[in-house]
Structures are given as structure tokens and as C-alpha cells.
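Notes to accompany the following structure.
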Amino acid sequence: MLSKLPEIGDPRLLVGPGTFDDAGVVRLSDELALVQTVDFFTPVVDDAFDFGRIAAANALSDVYAMGAKPFSALAICAFPIETLPLEVLRETLAGGLTVLREEGVLPLGGHTIKGPEFTYGLAVTGLVHPDKVLTNAGAKVGDVLVLTKAIGTGVLATALKRGVLGEAERKAMIASMVATNRAAFEACEGLQIHALTDVTGYGLLGHGLEMAEASGVRIEIDAPAVPLLPGARAAVEGGSIPAGLVANRSWVAGKIEMYGVDDVIGQLLCDPQTSGGLLAAIAPEDVESYSQACRQRGVAAAVIGRVVVGSAGTEVIRGGLG
Ligand code: CO
Ligand code: CO
């Protein structure tokens with residue numbers, strides 16, 4: 001959408017709208033850069049408190065994905081006061097505030113308007129040393145790709161809306177979405193993380209492609225190594241396919257090659273995620289240290305692929321099927 005707007009061309013701009021990154025980064029001094037991002041959406045779950053927590057974890061994620069620490073946040077909200085009880089708004093804001101408090105992020109207030117559809121999210125400001133900014137543009141041939149959350153929130157949320165999701169699966173989906181990426185970000189400290197992004201609306205393959213394109217590399221994904229949330233496969237088999245999954249699939253189609261990939265997994269790799277995990281391209285000698293640092297913080301980091309020689313901005317997905 002931004003491609004037709006004039007370029008900004010300010011030397012203070014470290015990461016601007018011209019890249020596929022999650023947030024903008026501006027140099028304030030030799031020691032400090034400002035990271036800014038905004039994210040909001042309509043409810044993905046029925047419980048208002050959970051929705052608030054998920055929206056907050058998702059908004060903070062774009063700051064963590066730049067290698068930065070979130071510092072303060074403003075809530076952005078549209079609320080249909082005629083059709084929903086105010087209690088829903090209160091619970092949602094309380095959920096968001098709970099996450100901000102846990103993460104040590106200062107809530108600065110925000111702005112709510114009347115609107116036809118309930119929409120909530122946050123504008124988040126983060127801080128980082130200018131030399132420590134991580135983008136999706138640094139992946140190098142030989143790097144190992146690590147993913148820090150299982151995928152499937154899109155198909156599971158669709159199954160929930162259709163009333164066909166089991167209680168255990170619902171709980172696991174929500175637990176994944178309310179978890180922030182702070183631990184996965186902190187685990188990066190001192191390691192050779194060459195590129196970092198979070199997996200959200202474009203799905204694993206879409207965000208992988210953005211990294212491949214921004215870095216000028218080809219990436220290879222081992223489909224069976226990608227962790228799936230419980231019930232994700234059954235949701236696809238039962239026809240709970242979000243529109244975003246179909247759109248992602250057609251968007252990546254010309255840039256990927258799949259070999260021996262089971263069709264259900266092929267679809268899940270395009271599933272749009274809400275509050276998904278971090279995808280990191282890590283120097284091979286640091287992968288074990290990263291996994292260990294994640295484990296110590298209660299995060300399961302899965303090795304799902306690597307950066308390979310080949311045409312820039314493409315992906316190859318191997319499924320291991322005959
Ligand atoms: Co993002
Ligand atoms: Co985002």
C-alpha cells in the first residue's frame with residue numbers, strides 16, 4: 001500500500017516503510033533508536049479479556065521482532081456502544097493492561113471511538129541500541145531457521161467461530177496467542193541472529209518469503225519439522241479455512257516449490273497467525289545456544305529449515321513424502 005507514496009529519505013531513518021519490516025526505527029542518538037509500530041484487529045476469540053491479552057501480545061511482538069524492548073503503549077479502539085455491553089470494552093482493556101504490566105511496558109492511555117465493529121489494538125514504542133536493530137534482511141546462506149511457536153491459530157480460530165473446536169484445543173490456542181515473544185527475543189542476546197521477524201498474517205511461508213526477498217536469499221523449509229498446535233490438522237480437514245489462508249496461498253504460489261508435502265500441512269504453512277512466534281535466521285554455530293536459552297525461558301524453539309543457495313526471494317518446502 002505504501003509503494004506509491006513518496007520516499008522519506010531522512011538519514012535518521014534506520015528502518016522505514018520501504019522494507020517488509022514490522023516496525024519503523026528512527027535513530028535518536030548514537031546510543032538510542034526509537035521503534036514504533038501499531039497493530040489492531042477485530043476479536044479472534046469470544047472471551048473479551050483473552051482478546052485484550054492476545055491483541056497486546058501481538059502488538060508487542062512487532063517490537064520484539066526488531067530486536068527491541070517495548071517501552072510504552074497507547075490503546076486504539078473502536079467500539080459499537082449500541083450493540084455490545086460496555087463490560088466487553090472494560091474486560092478487553094483490562095486484558096491488554098495485564099500483558100503490558102507483565103512485560104514492564106508503560107500504558108500511556110489511548111483513544112476510543114464509536115464504531116460499527118469492535119476493533120482493538122496498541123501503538124507501541126520500543127527502544128534499542130542503533131547497532132542492535134534486527135530486521136528480516138540479514139539472512140545468510142548456511143543460516144539455520146528457528147521458529148518459536150507452533151502454527152495453526154488461524155484455522156483454530158475459524159473452527160472456534162464455527163463452534164467445532166474442542167475445549168483442550170481452544171485452551172492451547174489461547175495459551176499460544178497470549179504468550180508474548182519476550183522470552184524468544186531475550187534469548188537472542190549475544191548470539192549471531194542474522195535476521196528476525198514474527199509470523200503473523202501472511203503465515204509461515206509468507207513471512208519466510210519476505211525474509212528471503214529482503215535478504216536476497218532462498219530458504220528451505222522442512223515441513224515435518226514445523227510444530228503444529230493441537231487440533232490444527234483436524235481443523236483443516238474439517239474445512240475450517242480462513243479467507244486469509246486462501247489469499248496467502250495464492251500470493252506465495254509463484255515463489256515456492258513444494259516437494260512431497262502433505263496437502264493439509266501445505267495449507268497450514270499458509271495459515272495466517274495471530275500473535276505468532278519469532279522466525280530467526282541464526283548462524284549454525286549459535287543454534288544450540290539459542291535453543292537452550294529459549295528452553296531455559298520455557299519456549300520451545302524448533303529448527304524448521306535453513307538458508308540455501310538459489311534464486312533470491314524464493315522458498316523450497318520439503319515434505320518427505322514419496
Ligand atoms: Co510482525
Ligand atoms: Co504487525
Do other residues, nucleotides or ligands put more than 12 heavy atoms under 6.0 Å from [X] [atom1]?
X: Arg12; atom1: CZ; result: no
X: Phe41; atom1: CZ; result: yes
X: Phe49; atom1: CZ; result: yes
X: Asp30; atom1: CG; result: no

Which heavy atom of [X] sits nearest a heavy atom of [Y], and at what distance?
X: Ala33; Y: Val25; answer: CB-CG1, 3.8 Å
X: Ala232; Y: Leu156; answer: N-CD2, 3.8 Å
X: Ala157; Y: Val44; answer: CB-O, 3.8 Å
X: Cys270; Y: Asn248; answer: O-ND2, 2.9 Å
X: Ser275; Y: Ala57; answer: OG-CB, 3.6 Å
X: Ala293; Y: Ala187; answer: CB-CB, 3.6 Å

Spacing of [atom1] belonging to [X] relative to [atom2] belonging to [Y], to within rounding of 0.5 Å:
X: Ile282; Y: Ser289; atom1: CD1; atom2: OG; answer: 9.5 Å
X: Leu204; Y: Ile317; atom1: CG; atom2: CD1; answer: 8.5 Å
X: Asp22; Y: Tyr64; atom1: CG; atom2: OH; answer: 14.0 Å
X: Tyr290; Y: Leu191; atom1: OH; atom2: CG; answer: 9.0 Å
X: Leu122; Y: Ile76; atom1: CG; atom2: CD1; answer: 7.0 Å
X: Met173; Y: Leu160; atom1: CE; atom2: CG; answer: 5.0 Å

Do [X] and [Y] sit in the same hydrophobic cluster, where Ile, Leu, Val, Met, Phe, Trp and Tyr count as joined when their side-chain heavy atoms come under 4.5 Å apart?
X: Val124; Y: Val38; value: no
X: Ile241; Y: Trp251; value: yes
X: Val26; Y: Met66; value: no

If only side-chain N and O atoms count, and only distance matters, is there a donor-acceptor pair under 3.5 Å linking Thr274 with Asn58?
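No - no donor-acceptor pair under 3.5 Å links their side chains.
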Side-chain donor or acceptor of [X] paired with backbone N/O of [Y] under 3.5 Å:
X: Ser176; Y: Ala172; value: no
X: Asp286; Y: Gln192; value: yes
X: Thr119; Y: Glu117; value: yes
X: Asp262; Y: Ile265; value: yes
X: Gln273; Y: Thr153; value: yes
X: Thr148; Y: Leu278; value: yes
X: His207; Y: Tyr202; value: yes
X: Ser215; Y: Asn136; value: yes
X: Asp143; Y: Lys140; value: yes

Met177 vs Val45, test: side chain to side chain contact (heavy atoms under 4.5 Å, CB included). Steps then yes/no.
CA-CA 10 Å; Met177 292 193 291; Val45 293; 3.9 Å; yes
Taking the side chain as every heavy atom from C-beta outward, state whether [X] and [Y] have any pair of such atoms under 4.5 Å apart.
X: Gln36; Y: Thr125; value: yes
X: Thr37; Y: Val35; value: no
X: Ile304; Y: Pro227; value: yes
X: Phe51; Y: Glu91; value: no
X: Tyr120; Y: Leu93; value: yes
X: Leu229; Y: Ile151; value: no
X: His111; Y: Leu74; value: no
X: Glu315; Y: Ile221; value: yes

State which residue, out of Glu213, Arg218, Glu220, fulfils the side-chain hydrogen bond (donor to acceptor under 3.5 Å, both in side chains) condition with Thr314.
Arg218
Under the side chain to side chain contact (heavy atoms under 4.5 Å, CB included) criterion, do Thr158 and Lys161 qualify, and how do the steps go?
CA-CA 5 Å; Thr158 304; Lys161 279 186 187 141; 5.7 Å; no
Test of ring centre spacing under 6.0 Å for Phe79 and Phe118
yes
Evaluate the side chain to side chain contact (heavy atoms under 4.5 Å, CB included) criterion for residues Glu31 and His129: first the C-alpha distance (whole Å), next the side-chain angles of each, then the deciding distance (0.1 Å), finally the verdict.
CA-CA 5 Å; Glu31 305 291 309; His129 191 286; 4.1 Å; yes
If you apply the rule side chain to side chain contact (heavy atoms under 4.5 Å, CB included), what do you find for Glu237 with Val264, and how did you get there?
CA-CA 7 Å; Glu237 286 165 349; Val264 173; 3.9 Å; yes
